[in-house]
Amino acid sequence: MLVWTYMQKNIDGCGDGLTPTILVIFGATGDLIARKIAPALFYLYKARKLPTTFRVVGLARRELSDEMFREHLRSAFLKYVGDQDKESDPTNFLNSFVYHQGFLDTDSCYISLAKRLKDIDEEWGICTNKLFYLAVPPELYKGIFEHLATSGLTIPCGGEEEGRIPLEVAMARSTPLPLTGWTRVLVEKPFGSNLKTAIELDELLGTLFKETQVYRIDHYLAKEMIQNVLSFRFANNLFEDNWNAKHIERIDIRFFETLGVEERGAFYDGVGALVDVGQNHVLQMLALVTMERPRAYGAEAIREERARVLEHLVSITEGDVVKKTFRAQYKGYASIKGVDPRSITETYFKIMTTLNVPRWEGVPIMLEGGKRMGEIKKEIVITFKHPEPCLCPITEGRHYKNKVVIGLEPQEGITIQFWSKKPGLDFVMEERAFDFVLRKNRQGIQYVEEYEKLLLDCILGEQILFVSTDEVVAMWSFIDPIVRAWKGGIDVIPLHTYVPDTNTIIEEGKKIE
Ligand code: BG6
């Protein structure tokens, strides 16, 4: 085993500043690296958050030299980084990228990769951290994991328990640090294509890695406003005592996108809106807004509470699917390239459910999402019950309800809607709002901010923003029966249509609000 000789430099502001790290990206010439990973790494590099000694090994089938690979990334970089960064020269940054050609289904690819990584370790005279990123279609995961295992690449060269060395511990040491040389694996959603395949994938991962080595990405967990749900609820004492069935009438989560399916026809047609965003992002939004207070701010406690609440989602039984679910497809979807012309894949869903926990007993929960909607609206709306007794004018049928709206798009922020007396002689109420806007005119590039956080946290060994195996199982357990029932055909569960770019869902000629 190599001995740690790397002098601890620039601890402040350089990620963990400790262990040199190699990020191996499978599928390195794909869209994911160009759009998300390379720009996110660039911002981390500029913020001096990456380990001082860092290398990216991109792996793909094409024959490319290191230089050609860097050129490929340079053009993607100019396309995808923000306007203010287009002038930056990424040459130094791109110098840490090297290319490794290989076919992912061959032993020789992993043997040569192992040799390449060993050569880097020897060049640097240390046992580096290895981070494997699977930026490939999920059907390739299994083969890659198995090959990683048989080639010995899953075994950390440090030979130590997986784990981070907390910065304060590292800084307090006067002697060189022991070697960690961890191995971690980053996996993109979808984790499996249903409950069965998700469990199989997880079991396979479990035989090769410890749960602490596996980082399952749901980029929603890294969104500012989603992280803010925990702060809003648990760093304040304003609402939490009323955050329950006694005071809350309903919870609505909306995930409306104006984007359509565009070039993703073939992929999307195999999943549909519910699996694409409902099974993951929407359920994570729900978990954070309904979970119990975690015992501490730490990955174990937070992930445990997220999983626990998701496990209590009331399953939609076969008999209930017609009543409690609704699906629709936008007109014109079936003629998109890659989509089956007779496709019954939904591009819009609405699910009504509840949580079988005392805190939320009987509170209706509406989960709704769609592509090509009339407006972008990604939000969590908490509607409070009409106060009893209410010190308000008696108006027949009028309900004075408060709402807390946690918005992600079009505006990131929190709005608290309340009633106030209108100035004047009469006792009349009007609705007012306290608005908190997280940031005005955000010039974000889709995914990049989230991937910065995810990549950094993975390097630091922080799992809060990653999905645990229990969460994966709980989310699929809820979604699976619906997907299965929907697959049963449109005679049993109708597939409605809607006019793209409007909010008009047509059900047998009726408009559904
Ligand atoms: C992805 C889905 O996971 O999330 C896409 O596959 C969807 O279909 C996207 O558009 C939404 O992410 P964001 O960050 O743009 O809200």
Side-chain angles (χ1 to χ4, degrees), residues 27 30-32 35-37 39-40 43 80 82 134-139 186-193 198 215-229 253-288 327 329-330 333 336 338-339 343 345-349 367-380 406-413 438-439 442-455 465-467 471-472 475-476 479 483 500-501:
D31 216 30
L32 202 66
R35 268 177 194 277
K36 310 181 195 173
I37 307 169
Y43 291 123
Y80 295 119
L134 273 61
V136 292
E139 52 279 14
L186 264 166
V187 193
E188 284 281 343
K189 81 165 182 70
F191 317 115
S193 49
Y215 289 71
R216 296 177 198 81
I217 296 180
D218 178 333
H219 76 281
Y220 260 67
L221 287 174
K223 287 207 179 270
E224 278 297 329
M225 281 316 298
I226 292 297
Q227 290 185 272
N228 240 325
V229 174
I253 299 187
R254 299 200 181 91
F255 201 103
F256 292 173
E257 299 181 88
T258 47
L259 277 180
V261 170
E262 274 87 49
E263 299 93 43
R264 300 164 75 213
F267 158 79
Y268 195 88
D269 207 36
V271 289
L274 184 59
V275 168
D276 184 40
V277 299
Q279 185 271 346
N280 34 70
H281 310 328
V282 170
L283 287 183
Q284 286 294 350
M285 287 156 91
L286 177 68
L288 288 164
R327 59 173 168 169
Q329 187 186 84
Y330 65 79
Y333 166 79
I336 293 172
V339 172
S343 170
T345 298
E346 82 290 352
T347 56
Y348 168 92
F349 66 87
L367 310 173
E368 193 181 9
K371 293 269 187 208
R372 291 287 299 266
M373 304 299 286
E375 59 188 330
I376 292 194
K377 196 183 267 194
K378 294 177 187 163
E379 62 180 18
I380 305 170
I406 300 169
L408 284 90
E409 271 194 85
Q411 181 97 279
E412 293 172 295
L438 184 72
R439 45 195 166 181
R442 187 189 160 209
Q443 299 251 307
I445 315 157
Q446 196 190 24
Y447 305 125
V448 172
E449 183 181 70
E450 293 87 345
Y451 274 76
E452 263 181 85
K453 290 189 206 166
L454 293 169
L455 287 163
L465 303 184
F466 295 89
V467 183
E471 289 171 271
V472 172
M475 294 189 290
W476 272 121
I479 296 294
V483 176
D501 315 324

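Reckoned from all heavy atoms, side chains included, excluding hydrogens, waters and symmetry mates. When a ligand or atom number is given, it counts from 1 through the structure's own listing order.
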Practice problem: Provide the closest heavy-atom pair for A40 versus V448 in the form atom of the first, atom of the second, distance. | Solution: CB-O, 3.8 Å
Quiz item: Is it the side chain (CB and beyond), the backbone, both or neither of Y220 that lies under 4.0 Å from ligand 1, heavy atoms counted?
Solution: side chain
Practice problem: Any atoms of ligand 1 less than 4.0 Å from a non-hydrogen atom of R264? List them with their elements. | Solution: 2 (C), 5 (C), 6 (O), 8 (O)
Quiz item: Looking only at non-hydrogen atoms, which of K189, E188, H219, E257 approaches atom 12 (O) of ligand 1 most closely?
Solution: H219
Quiz item: Which atoms of ligand 1 have any heavy atom of K378 under 4.0 Å away?
Solution: 13 (P), 15 (O), 16 (O)
Quiz item: Taking 4.0 angstrom as the limit, do E262 and K371 come out as a salt bridge?
Solution: no
Practice problem: State which residue, out of D269, D276, D31, fulfils the salt bridge (charged side-chain N to carboxylate O under 4.0 Å, His left out) condition with R264. | Solution: D276
Quiz item: What atoms of ligand 1 come within less than 4.0 Å of a heavy atom belonging to H281?
Solution: 1 (C), 3 (O), 4 (O)
Practice problem: Report, as yes or no, whether the 6.0 Å neighbourhood of atom CD on E375 holds more than 12 heavy atoms from other residues, nucleotides or ligands. | Solution: yes
Quiz item: If you look at every heavy atom in N228 and L438, which pair is closest and at what distance?
Solution: ND2-CD1, 3.7 Å
Practice problem: Pull out every atom of ligand 1 sitting under 4.0 Å from any heavy atom of D276, numbered as shown with elements. | Solution: 2 (C), 5 (C), 6 (O), 8 (O)
Quiz prompt | Heteroatom distance test (E450, ligand 1): nitrogen or oxygen, under 3.5 angstrom | solution = no
Quiz item: Which atoms from ligand 1 have a heavy atom of K371 less than 4.0 Å away?
Solution: 5 (C), 7 (C), 8 (O), 10 (O)
Self-check item: Plane angle bin for F255 and Y220 - parallel if under 30°, tilted between 30 and 60°, otherwise perpendicular
Solution: tilted
